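Before any comments, here is the structure.
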Amino acid sequence: MKKTLLWLLWMLPVSHALSFQEIQKAGTIRIGTEGAFRPFNYFEGKKLTGFEIDVAEALAKHMNLKVQWVPQSFDSLLIGLNQNRYDFVIASHGITAERQKAVDFTDPHYCTGGLIVSKPGGPKTAKDLLGKLVSVQVGTSYLDNVRKVAGVKD
């Protein structure tokens, strides 16, 4: 079974990867996700919700499996996947050559790009970011991309 992207609670003990047949026999699939990326995966109180949560729950239901969610910080998701802490990850990862060396990707379930969010009158284009301090989430392809913009401080 291809490993997809989802996140896991970092403090859980490392476990071995299961084959799809073993997952079916157990009746539960372990899915890693972040839980901090509205509207895709986030917590409402203690319950995970969002578009990606709905997609994964629907897939599990189609396969007659229960879901064991394993929340994990975004920058640890692929590490946890390679440590077999969950069976797959669903958490809006950009597909990069480096990541493709480490994990298998399914076809994207949606496509998007980055955007600049600023106060009224603030920067609107990459050129406007010259000399500005820019914040992005660690471990994302957005961090790699913002570092390519000349004159940006990160």
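In this text, all values refer to a predicted model and were calculated from it rather than measured experimentally.
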Starting at CD1 of Ile53, measure out to NZ of Lys47 and round the result to the nearest 0.5 Å.
-> 8.5 Å
When rounded to the nearest 0.5 angstrom, what distance separates CZ in Phe37 from OH in Tyr42?
-> 13.0 Å
Backbone N or O of Glu22 within a donor-acceptor pair of the Ser19 side chain at under 3.5 Å?
-> yes
Rounded to the nearest 0.5 Å, the CD1 atom of Ile23 sits from the CE atom of Met63 at a distance of 8.0 Å
4.5 Å side-chain heavy-atom contact, Phe20 and Lys25 | no
Among all residues two or more places apart in sequence or in another chain, which pass the side-chain hydrogen bond (donor to acceptor under 3.5 Å, both in side chains) test with Asp75?
-> Ser73
Can you find a pair of side-chain heavy atoms, one from Thr49 and one from Phe43, that are under 4.5 Å apart?
-> no
Could you pull out the closest heavy-atom pair between Phe74 and Ala91, with the gap in Å?
-> CE1-O, 3.2 Å
Heavy-atom closest pair (Ala126 atom, Val149 atom, distance to 0.1 Å) is O-CG1, 3.6 Å
Shortest non-hydrogen contact between Val67 and Ala60, atoms and distance = CG2-CB, 3.4 Å
What is the minimum heavy-atom distance between Ser118 and Pro123, and which atoms define it?
-> OG-O, 3.0 Å
Hey, could you give me the OG1/CG distance between Thr28 and Asp87, rounded to the nearest 0.5 Å?
-> 9.5 Å
Do any N or O atoms from the side chain of Asn41 and from the backbone of Gly35 form a donor-acceptor pair under 3.5 angstrom?
-> yes
Report the distance from atom CG of Asp54 to atom CD of Glu57, rounding to the nearest 0.5 Å.
-> 7.5 Å
Non-hydrogen side-chain atoms of Asn64 and Gln24 separated by less than 4.5 Å | no
Crowded around Glu98 CD? As in, over 12 foreign heavy atoms under 6.0 Å?
-> no
Indicate yes or no for a side-chain donor-acceptor contact from Arg30 to the backbone of Arg85 under 3.5 Å, with no hydrogens or angles considered.
-> yes
Rounded to the nearest 0.5 Å, how far apart are CG of Leu78 and CD of Gln83?
-> 11.0 Å
For Ile116, the option from Leu129, Val146, Val134 that meets side chain to side chain contact (heavy atoms under 4.5 Å, CB included) = Leu129
